[in-house]
Amino acid sequence: PESPSKPPTPAVAVVPPEDDFPAPPTAVSVPATAEEVEPPAPEPPKSEFPVELLKGPAGKDMKLVLSRFVCDFGPIVKGDTRKKTFRITNDSHTTLTFHFDKRVINNSGVTFSQDRFLKMAGYPACHSVLVDCTLDTKSGVAVGPYLLEIPIDLKTGPLIILEIRAEVIIPSLQLSQDRLDFGTVRVGQTHVITVQLYNPKALP
């Protein structure tokens, strides 16, 4: 006779307590580091050649200063007169007409052999003129550094500044000793004292 079959064993699921379940991950806020902060926009670079604007000789409109030229007389004795010669050349492609502002030159001690230039031809002729500049320090010029800025107003262009510079001085001579004392000198003998002369000024 067949043996009766055993009933199937029911499956039992073992559920762990709630404490045994791992907790779900939580979002943690991490402060931004220095690398993550967006740097500020850089400032535009500053030009090494600043733009210079001056009023024209008429004193009305602002004009761009194209360039500066220097005529340096160096050390000059107060009361003396000195002359320098320079050449003005038009190397542009246009004809130029300009003049030195007389209102700046008057009573300044500076005079020019020519102060007005009309229709100087440009390239390819490149017309040029020799100009004598004279500095008279007898009157109107003080002792010390001298600087005169003369604007040259081009009718078809910007300003050009001509700087007249000098160092007006009064000659001076110093001795190494203020008093010469030969002491006692017998008749027929010679006593020599050496004195040193010193020039403290820049002028020879």
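Using a 4.5 Å heavy-atom cutoff, the side chains of I105 and T111 are not in contact. Between E149 and R68 there is a side-chain heavy-atom pair separated by less than 4.5 Å. Within the 4.5 Å cutoff, the side chain of F69 has no heavy atoms near those of the I88 side chain. Looking at T134 and R82, their side chains never come closer than 4.5 Å, going by heavy atoms from C-beta outward. Looking at V65 and I160, their side chains never come closer than 4.5 Å, going by heavy atoms from C-beta outward. Considering only heavy atoms from C-beta on, F73 stays 4.5 Å or farther from V168 through its side chain. A heavy-atom distance below 4.5 Å is found between the side chains of R165 and V70. With a 4.5 Å cut-off on side-chain heavy atoms, E163 and C71 do not count as touching.
The CG atom of L162 lies 12.0 Å from the CG atom of D101; values are rounded to the nearest 0.5 Å. With rounding to the nearest 0.5 angstrom, the OG1 atom of T194 is 8.5 Å from the CD atom of Q177. Distance check: L154 CG to L66 CG gives 7.5 Å after rounding to the nearest 0.5 Å. Distance check, rounded to the nearest 0.5 Å: CD of Q114 to CG of L118 gives 8.5 Å. The structure places CZ of R87 at 4.0 Å from CG of L130, a figure rounded to the nearest 0.5 Å. Note that OG1 of T94 is 11.0 Å distant from CE of M120, once rounded to the nearest 0.5 Å.
Judged purely by atom type and a 3.5 angstrom limit, N106 uses its side chain to pair as donor or acceptor with the backbone of K102. In this structure, T137 contributes its side chain and D80 its backbone to a donor-acceptor pair below 3.5 Å. In this structure, the side chain of S128 does not engage the main chain of T89 through any donor-acceptor pair within 3.5 Å. Side-chain atoms of K138 never come within 3.5 Å of backbone atoms of G109 as a donor-acceptor pair (strictly under, hydrogens ignored).
Applying the 6.0 Å contact sphere to NZ of K83 captures no more than 12 heavy atoms from other residues, nucleotides or ligands. Within a 6.0 Å sphere centred on CD of Q196, other residues, nucleotides and ligands contribute 12 heavy atoms or fewer. Around CG of D72, the count of heavy atoms belonging to other residues, nucleotides or ligands within 6.0 Å exceeds 12. Other residues, nucleotides and ligands place more than 12 heavy atoms under 6.0 Å from the CG atom of L197.
Residues V143 and V77 fall into different hydrophobic clusters, defined by Ile, Leu, Val, Met, Phe, Trp and Tyr side chains chained together at heavy-atom separations under 4.5 Å.
Listed by first and then second residue, the ring pair (Phe, Tyr, Trp, His ring centres under 6.0 Å) pairs involving residues 115-170 are H93-Y123, F98-F117, F100-F117 (not counting sequence neighbours).
Of the N and O atoms on the side chains of S92 and N90, at least one donor lies less than 3.5 Å from an acceptor on the other residue. Side-chain atoms of T81 and D136 include a donor-acceptor pair closer than 3.5 Å.
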Pair L180-V195, side chain to side chain contact (heavy atoms under 4.5 Å, CB included): steps then yes or no: CA-CA 9 Å; L180 301 180; V195 179; 3.4 Å; yes

Run the side chain to side chain contact (heavy atoms under 4.5 Å, CB included) test on L147 and I164 for me, step by step, so that the C-alpha distance in whole Å, both residues' side-chain angles and the decisive distance to 0.1 Å come before the verdict. CA-CA 6 Å; L147 174 61; I164 308 297; over 6 Å; no

